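A short worksheet on the structure shown next.
Lettering of chains follows the sequences in order, A, B, ..., and the numbering in each one begins at 1. Source: prediction; values computed, not measured.
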There are 2 protein chains.
Amino acid sequence: MPQRTFQAPKGTRDFYPADLALRRHVEAAWRSASVDFGFEEVEGPTFEHLELYTVKSGPGIVSELFSFRRAGGDDDYALRPEFTPTLARMVAARGGSLPVPVKWFAIPNFFRAERPQRGRLREFTQWNVDLLGLDTPDADAEVIAVAALALERLGLRPADVRIKLSHRGAMGAALGAMGVRPDQVAGAFELLDRRDRLDPAAIRARATEIGLSDAALQSLMLAAATRIPLEGGAAAIAKALGIGATGLEAIDALCAALGARGIAGWCEWDLGIVRGLAYYTGSVFEIHEASGAERAIAGGGRYDGLVELVGGPKTSAFGFGMGDVVLSLVLKDRGLLPADGGESLLPRPDVFLISADQSADPVMHRLAAELRRAGLHVRHSYKTTRNVGKLLGDAGKCRARRAVILDAGLASGQVSVKDLDGGSQTAVAMSDLVATLTA
Amino acid sequence: MPQRTFQAPKGTRDFYPADLALRRHVEAAWRSASVDFGFEEVEGPTFEHLELYTVKSGPGIVSELFSFRRAGGDDDYALRPEFTPTLARMVAARGGSLPVPVKWFAIPNFFRAERPQRGRLREFTQWNVDLLGLDTPDADAEVIAVAALALERLGLRPADVRIKLSHRGAMGAALGAMGVRPDQVAGAFELLDRRDRLDPAAIRARATEIGLSDAALQSLMLAAATRIPLEGGAAAIAKALGIGATGLEAIDALCAALGARGIAGWCEWDLGIVRGLAYYTGSVFEIHEASGAERAIAGGGRYDGLVELVGGPKTSAFGFGMGDVVLSLVLKDRGLLPADGGESLLPRPDVFLISADQSADPVMHRLAAELRRAGLHVRHSYKTTRNVGKLLGDAGKCRARRAVILDAGLASGQVSVKDLDGGSQTAVAMSDLVATLTA
């Protein structure tokens, strides 16, 4: 048969051991931050009914999804592009029977049928944190604080990444004060969200379609460029926009809740943040590399209507997603990932067994089994060489903590235990070996 | 908008926190056994080019897969039904540059477009362990020993589950000695594999197609029913089949290698095991519940041709897959999963903070942030009640280890720390609190 070769599908990744160790390192920070805040892990199906996505995002979403049917089946499915619809469905299915607030996190893989580019792949891993059933700035601040803790554990500092906040309700009030009519606000948000992908003429054309006056469009663009230190709050935002602070009360409430959690230093107001998804209802945020390099590291906000939309009770909700791809680029750029590509993150063997003579092989295999049953990570060479120096070299290469050398001493019940970090070597009786190594 | 409700797709699962804790418990045993044997974790794409599966399994596999194209694209993809093709592709892509032997494990999700039934779902999690580049009974035995260690860590014993072994090469020799011609052996294996799904007339019809004599078919069915204790080895198998032991040498070599690893007690010969997949070349095995209840818990074997088939160098390989669905049924049946559905496997909070007066809330939030940054799992109530007794009840419900009560003592810099396991309560100065709790 002629040989043929295969590649991974475009936009997907093969994770060799060191590659996966890097991803697990990021996931461990995500998981520990979630757990320390009392969030519990959930998971759902990798694919859902296609309609779960179209009911939330409209039929336009279909072209961005990998969708399919089972041969002979008539249900349309799609690989999940995000977790929120699954989460809303799971909350809806349990109706009012879940303890409130619901505090869930998930670390699934997601799929987007887009053109792969820097920071955006067709399959990626994303951390999701959601707090449901609590409609207060405290809920918003707690979820944002989980994100900050994970970033801190990965070595990032407020100088490296910025949590950029806005608030849809307050922004609606601000736009109203700046001459945007209530019926134009949704269109204005959409225009804000798409502004970086449109040229000035297209922006003006879209503004005309919405019915925005030139003055209102100027105000909108002024808002889009407005960045204010967190502690400036509503007063500073009102001043920057040339309006009164009425309707901006949510701004100061969120400031206070973030400050109470010790994360004010990570945060700032950026009124250009709107989040594309139509279902956000209150606070919204994105996390960006401080200089603006790369795509957003994370994004989220309040989505109080979604659980009801998929058949559940009215449920307030705040959450975010943080993907592994952009975050890993930022960590690498900041020198926060090991330069060896992840090799140093692989599990270290506790013991490397060296059989200096073939006659010791049966003892080595029995000992390996016993030590593994006792919970130790045990390796040995598969080479035919019996050169102890070479085998100690192999033990060092796989970063074993200790080597156990089975040599002539075995006849009198003795083995040598070498500490490969410190270098010391001691003789240990076989009968004490397991106790010594597991101590 | 009219409400509509959504279910998870047929044959898939929603994992609420306790459900996922159960799966993570199983995965932890898989992962720790793999690591303790020196296997390194890998992962690949959730979908692959469809042809990767058809080149290995033939076009018949397509109806068992979820396959799809990207809108406007012309590549056919399929959700992965198993890991081996991905693994073979990844090994082939690195050619000879990987350190030998390659010892990899993976715990991905897989997808089969089959009718869901007990023990078989459309999406499931499966542990894969593979050792490549070593063509010895030691390699086979080591991989099988990893499976046994994980099962033991989950509480199973040799009386609960049996590792049933056969060997395609030895069985080919045995069938030859029983009158099956070399050109009939592949057909005979296929018939063995399918025998439980065929009635006697269909078995006879298929035997006639292959050209098996009545005597050869009888021998085949005798072999299919032959179970021999592991230590009986080639001699006992030859005796049971009424043939000589020539050609069965691989049997005794595998016996010795399994015995050297201390797992002989889990193993037995079952010549009815052939494994459906055509690519197995040597030892094959399945793990079954001891009484024969449920489907196979795991299955695997030697597949020395696969890496070459997908474009890599000739590479010997031995591996298995163990799914979460059947294993969980067996564990549940044996009482080896918590009766509370997994609640007791959820992470326990280290500290539950109780603010006995609203004025203490800012201190509580600052303290929570500080303790979490120190690595503790910290919770607090979201209720408006300030009844310390009720709040202690909530702390107990979420299985917190300690409660920290912020009450009137706060004015003089004191808080109460209550040990919720032991019941003792002590006053601690705020300035010592973090050190006390992280000690």
Working to the nearest 0.5 angstrom, can you tell me the gap between [X] [atom1] and [Y] [atom2]?
X      : Y      : atom1 : atom2 : value
B:R70  : A:R112 : CZ    : CZ    : 15.0 Å
B:C398 : A:E40  : SG    : CD    : 8.5 Å
A:S32  : B:R372 : OG    : CZ    : 12.5 Å
B:F6   : A:E48  : CZ    : CD    : 9.5 Å

Which region of [X], side chain (C-beta onward) or backbone (N, CA, C, O), has a non-hydrogen atom less than 4.5 Å from a non-hydrogen atom of chain A, or is it both or neither?
X      : result
B:A8   : both
B:T136 : neither
B:L65  : neither
B:A113 : both
B:L149 : side chain
B:T46  : both
B:E64  : neither
B:F111 : side chain

Based on non-hydrogen pairs under 4.5 Å, which of [options] is most in contact with chain B?
options                      : result
A:E51, A:R366, A:K383        : A:E51
A:M90, A:H365, A:H49         : A:M90
A:V62, A:D19, A:D36          : A:D36
A:E123, A:M364, A:E41        : A:E41
A:R23, A:R69, A:R122, A:H380 : A:R122
A:A369, A:A71, A:P45         : A:P45

Among the listed options B:G72, B:A141, B:P101, B:A368, the residue most often paired with chain A at heavy-atom distances under 4.5 Å: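 Most heavy-atom pairs under 4.5 Å with chain A: B:P101.
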If you take all heavy atoms of A:P9 and B:Y77, which pair is closest and at what distance?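 Shortest heavy-atom separation between A:P9 and B:Y77 comes out as CB-CE2, 3.5 Å.
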Checking B:R94 against A:Y16: charged group under 6.0 Å from the ring centre and within 45 degrees of the axis?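 Yes - B:R94 lies over the ring of A:Y16, closer than 6.0 Å to its centre and within 45° of its axis.
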Residues of residues 102-110 of chain A contacting chain B, heavy-atom criterion under 4.5 Å, by residue number: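 Residues in range: A:K103, A:W104, A:N109.
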Show the numbers, then the answer: is there a side chain to side chain contact (heavy atoms under 4.5 Å, CB included) between B:R373 and A:R153? CA-CA 9 Å; B:R373 288 184 71 186; A:R153 287 189 177 168; 5.9 Å; no
Less than 4.5 Å apart, side chain to side chain, heavy atoms only: is that true for [X] and [Y]?
X     : Y     : value
B:R89 : A:D14 : yes
B:V42 : A:F15 : no
B:T12 : A:F47 : yes
B:R13 : A:E43 : no

In terms of heavy-atom contacts, does CD of B:E114 have more than 12 from other residues, nucleotides or ligands at under 6.0 Å?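 Yes.
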Any chance the side chains of B:E142 and A:Y382 put a donor and an acceptor closer than 3.5 Å?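 Yes, because at least one side-chain N or O of B:E142 sits under 3.5 Å from a partner of the opposite role on A:Y382.
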